Amino acid sequence: MKSITLAAAALALISLASCSASKTKDQTMDSMETAKDTVVRPDSIDLAATLGEEKATGRVEVYDMGDFKLHVYYTQDVMNDASYIVEGTDSVVTLEQPLFKVNVSEFDAYLDKVGIPVAKRITDYHVGGTGAHEVLMMKGMPEFVKGPVYGGMMKGFEQTFGDSMTDLPTGKEDEVDFGTTLTYAGVPFEFRHGATSDFPGASIIIGGKAYYTHWTPAKAHMSNLQLSSRAAVDAEMAEAVSELNSGAVLFIGGHGGATQKDSVEFKIEYLKTIRNLLGKAKTADDFVAELSKAYPGLPGAEGLPQLAAALYK
């Protein structure tokens with residue numbers, strides 16, 4: 001469904017285990033508006049004490065967003081996944097439940113401690129441990145996850161991680177159209193198209209304040225899994241501008257957890273740098289050297305050869 005770009009990304013994901021968007025630069029930057037400068041600080045939860053355990057596998061932060069609370073569960077697994085609980089007044093919504101058994105058990109125990117019913121479970125980019133529960137997915141995503149790209153990726157995970165992975169979900173899959181806003185637990189969820197180079201998942205604006213997308217913006221080098229082609233650079237730039245212009249004050253993702261506006265701004269400047277280098281650097285080696293020079297000491301430099309290979313293939 002998503003062509004060679006996604007197939008390459010899926011194969012790269014499998015190998016990791018031991019883990020319309022062609023705007024010009026001027027068009028992109030001209031369209032940018034100033035986002036709110038609000039910084040939302042989390043409360044850290046002593047997860048082990050909350051669950052009555054000696055030691056926790058993951059960790060939890062809770063953000064008070066005014067009309068709702070956002071619980072961020074960091075799995076601390078090999079894929080740097082994050083799962084979410086959106087707490088309204090009388091019920092909650094889960095988003096991207098964990099994949100590995102140890103995290104599924106811990107997340108479910110914490111969810112029980114929140115102590116109010118689950119109004120909806122949303123599976124966007126990451127199939128996880130929702131078991132027999134009914135889930136909400138984007139239009140076309142249920143078919144896609146069973147297809148050769150995503151399905152093949154999951155089979156690769158099963159071979160790599162074995163029994164540590166939870167059983168794949170068996171619950172009913174309801175589909176929602178892109179461009180739809182639905183309210184659960186008293187909180188509106190706006191489902192927008194995600195980056196055009198990615199799986200057919202949504203960028204979700206939660207309560208007008210938190211912006212969820214597949215990859216949390218980070219002050220780090222981007223991976224070849226996210227920038228799998230030159231077209232993906234443009235797609236991710238368009239997505240980043242949408243994030244910044246959304247009015248959100250917190251930015252979250254399936255990989256990486258929660259961050260603030262400055263990380264989105266960094267991502268935009270980083271992608272501008274990559275665009276410029278792709279126009280000047282003749283070889284992949286030249287690209288790596290120039291990007292390393294532009295961002296000395298930036299985390300993720302060990303992955304630059306793979307990134308360059310994807311952009312110069």
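Positions are given from 1 along the sequence. Since the model is a prediction, treat every value here as computed from it, not as a measurement.
Between Arg41 and Asp64, no side-chain nitrogen of the basic residue sits less than 4.0 Å from a carboxylate oxygen of the acidic one, so the salt-bridge criterion is not met. Using a 4.0 Å cut-off between charged side-chain N and carboxylate O, Glu158 and Lys155 make no salt bridge. Using a cutoff of 4.0 Å between basic side-chain nitrogens and carboxylate oxygens, Lys219 and Asp262 are scored as salt-bridged.
Distance alone, capped at 3.5 Å, places no donor-acceptor pair between the Glu243 side chain and the Val264 backbone. Side chain of Ser164 to backbone of Phe161: a donor-acceptor contact under 3.5 angstrom is found. Judged by distance alone, the side chain of Glu54 and the main-chain N or O of Ala48 form no donor-acceptor pair under 3.5 Å. Ser263 places no side-chain N or O within 3.5 Å of a backbone atom of Thr259 that could act as its donor or acceptor partner. A donor-acceptor pair is defined here as one N or O able to donate and one able to accept, closer than 3.5 Å; such a pair exists between the side chain of Glu106 and the backbone of Gly58. For the pair Lys313 (side chain) and Ser228 (backbone), a donor-acceptor distance under 3.5 Å is present. A side-chain donor-acceptor contact under 3.5 Å links Ser223 to the backbone of Leu225. With hydrogens and angles disregarded, a donor-acceptor distance shorter than 3.5 Å links the side chain of Asp124 to the backbone of Ala202. Put simply, the side chain of Glu134 never gets that close to the backbone of Asp174: no donor and acceptor are under 3.5 Å apart. For the pair Ser83 (side chain) and Glu96 (backbone), a donor-acceptor distance under 3.5 Å is present.
Contact between Gly128 and Pro169 at its shortest, heavy atoms only, is O-CD, 3.5 Å. Minimum interatomic distance between Thr216 and Gly257 (heavy atoms only, all atoms of both residues): OG1-O, 2.7 Å. Between Ser246 and Ile205, the closest heavy-atom pair is CB-CD1, 3.9 Å. Of all heavy-atom pairs spanning Met137 and Pro142, the tightest one is SD-CG, 3.8 Å. Nearest heavy atoms, Leu168 versus Met154: CD2-CE, 3.6 Å. Taking all atoms of both residues into account, the shortest heavy-atom contact from Thr170 to Ala132 is OG1-CA, 3.6 Å.
Residues Glu61 and Tyr74 bring a donor and an acceptor atom of their side chains to less than 3.5 Å of each other. For Ser203 and Glu239, the side-chain atoms include at least one donor-acceptor pair closer than 3.5 Å.
Two different hydrophobic clusters hold Ile122 and Phe107 under the rule that ILVMFWY side chains link at heavy-atom gaps under 4.5 Å. Linking ILVMFWY side-chain heavy atoms closer than 4.5 Å, directly or via other members, places Ile206 and Val114 in two distinct hydrophobic clusters. Linking Ile, Leu, Val, Met, Phe, Trp and Tyr whenever their side-chain heavy atoms come within less than 4.5 Å leaves Val118 and Val72 in two separate clusters. When hydrophobic clusters are built by joining Ile, Leu, Val, Met, Phe, Trp and Tyr residues whose side-chain heavy atoms come closer than 4.5 Å, directly or via intermediates, Val92 is not grouped with Leu136. Hydrophobic clustering (ILVMFWY, side-chain heavy atoms < 4.5 Å, transitive): Tyr63 and Leu47 are in distinct clusters.
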Apply side chain to side chain contact (heavy atoms under 4.5 Å, CB included) to Lys139 and Val176, showing your working. CA-CA 5 Å; Lys139 180 66 69 76; Val176 59; over 6 Å; no
Quiz prompt | Derivation of the side chain to side chain contact (heavy atoms under 4.5 Å, CB included) call for Phe199 and Met153 | solution = CA-CA 12 Å; Phe199 298 148; Met153 181 181 72; 4.1 Å; yes
Checklist line | Test side chain to side chain contact (heavy atoms under 4.5 Å, CB included) applied to Leu227 and Leu271, step by step | finding: CA-CA 10 Å; Leu227 297 181; Leu271 289 169; 4.0 Å; yes
Please lay out, stage by stage, how Asp234 and Arg275 fare under the test salt bridge (charged side-chain N to carboxylate O under 4.0 Å, His left out). CA-CA 8 Å; Asp234 291 332; Arg275 276 180 169 173; 3.0 Å; yes
Check the pair Thr50 / Val60 against side chain to side chain contact (heavy atoms under 4.5 Å, CB included), numbers first and verdict last. CA-CA 10 Å; Thr50 299; Val60 172; over 6 Å; no
Let's go through Thr94 and Gln97 carefully: what are the C-alpha distance in whole Å and the side-chain angles of both, what is the deciding distance for side-chain hydrogen bond (donor to acceptor under 3.5 Å, both in side chains) to 0.1 Å, and is it a yes or a no? CA-CA 7 Å; Thr94 71; Gln97 292 189 205; 2.8 Å; yes
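With Ile85 as reference, Leu111 is the one residue of Val62, Leu111, Val93 to meet the side-chain contact (heavy atoms from CB on, under 4.5 Å) rule. A side-chain contact (heavy atoms from CB on, under 4.5 Å) with Val104 holds for exactly one of Thr130, Thr166, Asp167, Thr75; it is Thr166.
Tyr73 is not listed as a side-chain neighbour of Arg59, based on a closest heavy-atom distance of 4.5 Å or more. Two residues are said to be in side-chain contact when any heavy atoms from C-beta on lie closer than 4.5 Å; Gln226 and His214 fail this criterion. At least one side-chain heavy atom of Thr38 sits less than 4.5 Å from a side-chain heavy atom of Val40. Inter-residue side-chain proximity for Thr57 and Phe100 is flagged as unmet; no heavy-atom pair is nearer than 4.5 Å. Proximity of Trp215 to Lys267: side-chain heavy atoms (C-beta onward) are nowhere separated by under 4.5 Å. Between Leu51 and Lys113, some side-chain heavy-atom pair lies under the 4.5 Å cut-off. Counting heavy atoms from C-beta on, the side chains of Leu99 and Met165 come closer than 4.5 Å.
For residues 67-87, the pairs satisfying salt bridge (Lys or Arg N to Asp or Glu O under 4.0 Å) are Asp67-Lys209, with sequence neighbours left out.
Residues passing the ring pair (Phe, Tyr, Trp, His ring centres under 6.0 Å) test with Tyr110, sequence neighbours excluded: His71. For Asp90, there are no side chain to side chain contact (heavy atoms under 4.5 Å, CB included) partners at least two apart in sequence or on another chain. Partners of Asp43 by side chain to side chain donor-acceptor pair (under 3.5 Å), not counting sequence neighbours: none found.
Phe251 and Tyr211 have tilted rings, their planes meeting at an angle from 30° to 60° on a 0 to 90° scale. Aromatic ring pairs are classed by plane angle as parallel below 30°, tilted from 30° to 60° and perpendicular above 60°; the pair Tyr212 and Tyr84 is perpendicular.
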Sequence neighbours excluded and cut-off under 3.5 Å, please list the side-chain donor-acceptor pairs for residues 178-195, or say none.
| from | atom 1 | to | atom 2 | distance (Å) |
| --- | --- | --- | --- | --- |
| Thr180 | OG1 | Asp177 | O | 2.8 |
| Glu190 | OE2 | Arg192 | NE | 2.9 |

Would you give me the side-chain donor-acceptor pairs under 3.5 Å for residues 287-298, sequence neighbours excluded?
| from | atom 1 | to | atom 2 | distance (Å) |
| --- | --- | --- | --- | --- |
| Ser292 | OG | Val288 | O | 2.8 |
| Tyr295 | OH | Thr273 | OG1 | 3.0 |

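Enclosure of atom NZ in Lys146 by more than 12 non-hydrogen atoms of other residues, nucleotides or ligands within 6.0 angstrom is indicated.
To the nearest 0.5 Å, atoms OG1 (Thr213) and CD1 (Ile252) are separated by 10.0 Å.
If you look at His255 and Tyr125, their ring centroids are not closer than 6.0 Å.
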